[in-house]
Amino acid sequence: TLPMTFLLMGYPSVTVLAYALLLHILIRFGYRHGTAILGELNVIEKRTQPRTPEAFLKVEEVQTALPEIVEGINRALHAASSLMLADDTALALKWMAGLYALALASRMLG
C-alpha cells in the first residue's frame, strides 16, 4: 500500500502541492504585472491583458440544467480564471499568502 503522504525530499505532499500552486500563481502574477509595467515604461511593446470571461456556459448549451446551476458554475470559473490571470490583485495576494501559510503549517506540523 502507498503511504498517505508522498515525501519528496522530506516534504509531505500537501506542502509540495501548496508550494507548486504558490509558484504557479506567483509566476503568473509577476508576468502579468511585469509586462504591464514594462509596457508603460516603453521597454517592451504594450500588450492587451487577457480578461476573465464573465460566462463560460450558456443556459441554451445545457438545457437540462437549471439557470442557478449555470450561474454557480460561471461564478466559480470566473473566480478561478481571475486568480490564474492575476486579474484581481487582492485575490491573488490572498491565495499566495494562504498557500504559503498552508505550506509552512504542513511543514511544521508534519
Side-chain angles (χ1 to χ4, degrees):
T1 62
L2 293 173
M4 291 298 288
T5 59
F6 168 72
L7 295 176
L8 180 67
M9 295 175 19
Y11 290 94
S13 57
V14 172
T15 303
V16 173
L17 179 62
Y19 277 130
L21 291 172
L22 172 62
L23 181 63
H24 179 79
I25 296 172
L26 185 63
I27 289 170
R28 284 186 171 270
F29 184 85
Y31 178 80
R32 179 182 180 93
H33 293 289
T35 56
I37 291 169
L38 292 175
E40 289 296 322
L41 296 173
N42 292 323
V43 174
I44 62 172
E45 186 177 321
K46 287 185 183 180
R47 302 176 185 169
T48 58
Q49 298 289 343
R51 303 306 285 170
T52 303
E54 291 294 327
F56 288 85
L57 298 173
K58 295 181 182 175
V59 176
E60 299 83 33
E61 294 173 350
V62 281
Q63 293 178 355
T64 59
L66 299 171
E68 292 84 21
I69 295 173
V70 173
E71 180 69 26
I73 291 170
N74 282 330
R75 279 196 312 263
L77 291 174
H78 176 74
S81 180
S82 178
L83 176 62
M84 288 298 103
L85 293 174
D87 196 23
D88 184 356
T89 301
L91 179 64
L93 291 172
K94 286 177 189 176
W95 269 90
M96 285 189 277
L99 287 169
Y100 184 66
L102 176 65
L104 284 179
S106 173
R107 181 70 178 147
M108 294 171 79
L109 301 175

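Every value quoted in this text rests on a predicted model; they were computed, and no experiment measured them.
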### Message
Under the salt bridge (Lys or Arg N to Asp or Glu O under 4.0 Å) definition, can you give me all pairs with a residue in residues 14-23, not counting sequence neighbours?
### Response
none
### Message
Test: side chain to side chain donor-acceptor pair (under 3.5 Å). Region: residues 73-86. Which pairs qualify, not counting sequence neighbours?
### Response
none
### Task
Taking all non-hydrogen atoms of both residues into account, name the closest pair between A18 and L102 and its distance.
CB-CD2, 4.1 Å
### salt bridge (Lys or Arg N to Asp or Glu O under 4.0 Å) contacts in which one or both residues fall within residues 53-62, not counting sequence neighbours
none
#### Entry: Shortest non-hydrogen contact from V70 toward L57
CG1-O, 3.9 Å
### Query
Any chain of hydrophobic side-chain contacts (each under 4.5 Å) joining V14 to L23?
no
### Query
By the rule that ILVMFWY residues connect when side-chain heavy atoms come within less than 4.5 angstrom, directly or transitively, which residues belong alongside Y100?
L17, Y19, L21, L22, I25, L26, F29, L83, M84, L91, L93, W95, M96, L99, L104
Validation: residues 33-42 side-chain donor-acceptor distances under 3.5 Å, sequence neighbours left out:
from, atom 1, to, atom 2, distance (Å)
T35, OG1, Y31, O, 2.9
T35, OG1, R32, O, 3.0
T35, OG1, Q49, NE2, 3.3

### Query
Got a sec, which pairs hit ring-ring contact (aromatic ring centres under 6.0 Å, His included) with one end in residues 55-76, sequence neighbours left out?
none
